[in-house]
Amino acid sequence: MRRIGVLTSGGDAPGMNAAIRAVVRYAIYSNIEVLGIGKGYRGLIENDMKNMDLSSVADIIHRGGTILGTDRCEEFKTEEGFGKALDNLRYREVDGIIVIGGDGSFQGARKLSRAGIPTVGIPGTIDNDLAYTEYTLGFNTALNTILDSIGKIRDTSSSHERTNIIEVMGRHCGDLALYSGLAGGAEVVMIPEAPISIDGICEIIMRGKARGKKHSIIVLAEGSGNAYDLKDEINKRIDVSVRYTVLGYIQRGGTPTAYDRLLGSRMGAKGVELLVDGIGNVVLGTKDGKVFHQDIEEALCMEKQFDYEAYELTKILSV
Ligand SMILES: Nc1ncnc2c1ncn2[C@@H]1O[C@H](COP(=O)(O)OP(=O)(O)O)[C@@H](O)[C@H]1O
Ligand SMILES: O=P(O)(O)OC[C@H]1O[C@](O)(COP(=O)(O)O)[C@@H](O)[C@@H]1O
């Protein structure tokens with residue numbers, strides 16, 4: 001192993017920079033050259049690869065986003081685009097690649113693996129939607145950002161005796177909504193994995209009012225609908241003052257938490273170590289707080305398990 005590449009792909013996530021820093025520094029420590037690939041798979045196609053030295057990753061561990069840039073590159077999915085990427089990788093004599101991204105990025109990584117390029121995937125997405133791992137890079141930071149917002153909205157919600165809907169990210173996976181709802185004391189969590197009727201939601205709001213509650217918080221995952229429509233539907237049924245907030249991209253930016261910096265640092269170093277040991281075509285994950293690796297083909301076949309216990313607990317505690 002003489003030269004490896006590193007790229008970030010899909011949605012950015014806090015902690016990606018910590019992982020890039022660890023890849024570069026651990027590789028140099030292991031006497032390996034590192035190429036930083038710009039804008040995800042687009043950089044492979046456009047031959048945008050630059051040698052990274054120790055200082056190229058200085059002062060980034062605390063920053064959100066990704067210094068390499070990222071992209072949702074449709075061309076990489078085509079035979080022609082993929083062919084160009086392979087040619088460039090061979091021309092640059094890249095012996096292995098570390099891909100930091102989510103499910104889509106890992107499908108690209110699997111294709112590279114199948115084409116004979118040893119690949120290690122580091123899970124980087126705020127959605128936490130990968131089945132094989134407990135946590136993905138960025139999830140913890142996004143969760144804390146959401147909690148901070150729930151706290152602020154709760155204050156004003158209570159003063160005005162309102163119902164507040166907070167729409168959070170998560171197209172197919174409700175983890176952000178579920179865990180922020182549980183930790184933020186929400187009355188209702190609306191997620192794709194456990195649909196709830198509008199009548200059911202109205203019942204919870206009215207029951208809370210009858211018990212003397214001053215406000216209700218509904219955390220809605222974007223994959224379950226949109227906040228504006230939900231407000232409308234509630235107002236059609238019951239006479240309560242409803243407001244909504246769509247948190248949007250503030251969830252994806254910002255300084256990574258200690259957890260995400262540690263995870264990024266550990267996974268970045270582990271990724272290099274595996275490639276040096278001749279182990280490729282794997283993805284990294286966490287189980288019981290420890291970083292482990294798993295075959296990429298196996299990992300991508302797994303189905304995410306829904307945490308019913310957390311969902312039920314949210315309901316019981318927010319009565
Ligand atoms: N089936 C696929 N084959 C090859 N590349 C893919 C495939 N699916 C996704 N990708 C690549 O991974 C990129 C990121 O995927 P996307 O689903 O947008 O984000 P994420 O990795 O965060 O899930 C895509 O833009 C594309 O370049
Ligand atoms: O940046 P875009 O393309 O608007 O994507 C927004 C989507 O990306 C995410 O932030 C994260 O998704 P991925 O990390 O899976 O790409 C979603 O929660 C959100 O719906």
Side-chain angles (χ1 to χ4, degrees), residues 6-16 19 37-46 48 64-66 68-86 88-89 97-115 117 119-133 135-143 145-146 166-180 191-192 219-227 246-254 256 260 264 283-285 296-297 299-301 304:
V6 58
L7 63 84
T8 47
S9 164
D12 63 353
M16 280 184 167
I37 299 155
K39 287 186 247 146
Y41 292 121
R42 180 158 307 287
L44 290 184
I45 295 172
E46 294 175 358
D48 172 9
T66 157
L68 293 174
T70 186
D71 192 24
R72 301 194 193 274
C73 175
E74 284 304 303
E75 197 185 346
F76 188 69
K77 293 184 185 169
T78 67
E79 214 173 298
E80 203 194 337
F82 186 73
K84 276 192 211 164
L86 272 188
N88 285 329
L89 280 171
I97 287 221
I98 296 187
V99 170
I100 309 171
D103 180 64
S105 305
F106 283 2
Q107 290 185 39
R110 178 169 59 183
K111 268 173 97 172
L112 287 172
S113 299
R114 285 175 179 167
I117 310 278
T119 309
V120 174
I122 294 181
T125 166
I126 64 162
D127 286 4
N128 207 39
D129 57 354
L130 290 161
Y132 74 93
T133 180
Y135 292 114
T136 58
L137 216 47
F139 174 69
N140 183 268
T141 304
L143 195 57
T145 302
I146 295 169
I166 302 166
E167 184 183 310
V168 303
M169 282 187 167
R171 282 173 294 186
H172 313 291
C173 173
D175 277 17
L176 280 173
L178 174 59
Y179 295 113
S180 66
I191 49 179
V219 183
L220 163 73
E222 63 180 337
S224 282
N226 75 71
V246 179
L247 293 185
Y249 291 96
I250 66 158
Q251 296 163 89
R252 238 170 49 186
D260 280 331
V283 285
L284 297 178
I296 191 165
E297 303 278 352
L300 290 187
C301 287
K304 181 141 171 102

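Read the numbers this way: they start at 1 and go in the same order the structure lists the ligands and their atoms. The basis for the numbers below is simple: all heavy atoms, side chains too, and nothing from hydrogens, waters or symmetry mates. What you see is a predicted model, and the numbers here were worked out from it, not measured in a lab.
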Using heavy-atom distances only, which candidate in Gln107, Arg171, Glu75, Glu74 approaches atom 2 (C) of ligand 1 most closely?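 The nearest heavy atom belongs to Gln107.
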Between His172, Met169, Arg252, flag the one that comes closest to atom 8 (O) of ligand 2 by a heavy atom.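 When every heavy atom of His172, Met169, Arg252 is considered, Arg252 comes closest to atom 8 (O) of ligand 2.
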[atom] - nearest protein heavy atom and its distance:
atom	answer
atom 18 (O) of ligand 2	Asp127 OD1, 2.7 Å
atom 12 (O) of ligand 2	Arg171 NH2, 3.1 Å
atom 16 (O) of ligand 2	Arg72 NH1, 2.7 Å

Quick check on contacts: which atoms of ligand 2 are under 4.0 angstrom from a heavy atom of [X]?
X	answer
Thr125	13 (P), 14 (O), 15 (O)
Gly170	18 (O)
Gly11	14 (O), 16 (O)
Glu222	17 (C), 18 (O), 19 (C), 20 (O)

Distance filter under 4.0 Å to [X] heavy atoms, resulting ligand 1 atoms:
X	answer
Tyr41	11 (C), 12 (O), 27 (O)
Gly102	20 (P), 21 (O), 22 (O), 23 (O)
Phe76	4 (C), 5 (N), 27 (O)
Arg72	16 (P), 18 (O), 19 (O), 25 (O)
Ser9	12 (O), 13 (C), 14 (C)
Gly11	22 (O)

Assess the residue pair Lys77 and Gln107 against the criterion (side-chain contact (heavy atoms from CB on, under 4.5 Å)); give the C-alpha distance rounded to whole Å, side-chain angles, the decisive distance to 0.1 Å, and a yes or no. CA-CA 9 Å; Lys77 293 184 185 169; Gln107 290 185 39; over 6 Å; no
Does Thr125 come within less than 4.0 Å of ligand 1, judged by its heavy atoms? no
N or O contact, Ser105 vs ligand 1, cut-off under 3.5 Å: yes
Look only at interatomic distance and state if Cys73 has a nitrogen or oxygen under 3.5 Å from any nitrogen or oxygen of ligand 1. yes
At a 4.0 Å cut-off, with the gap strictly under it, does some heavy atom of Gly102 reach an atom of ligand 2? no
Relative to ligand 2, is Gln251 under 4.0 angstrom through side chain, backbone, both or neither, heavy atoms considered? neither
Are any of the N or O atoms of Ile126 closer than 3.5 Å to those of ligand 2?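 There is no such contact.
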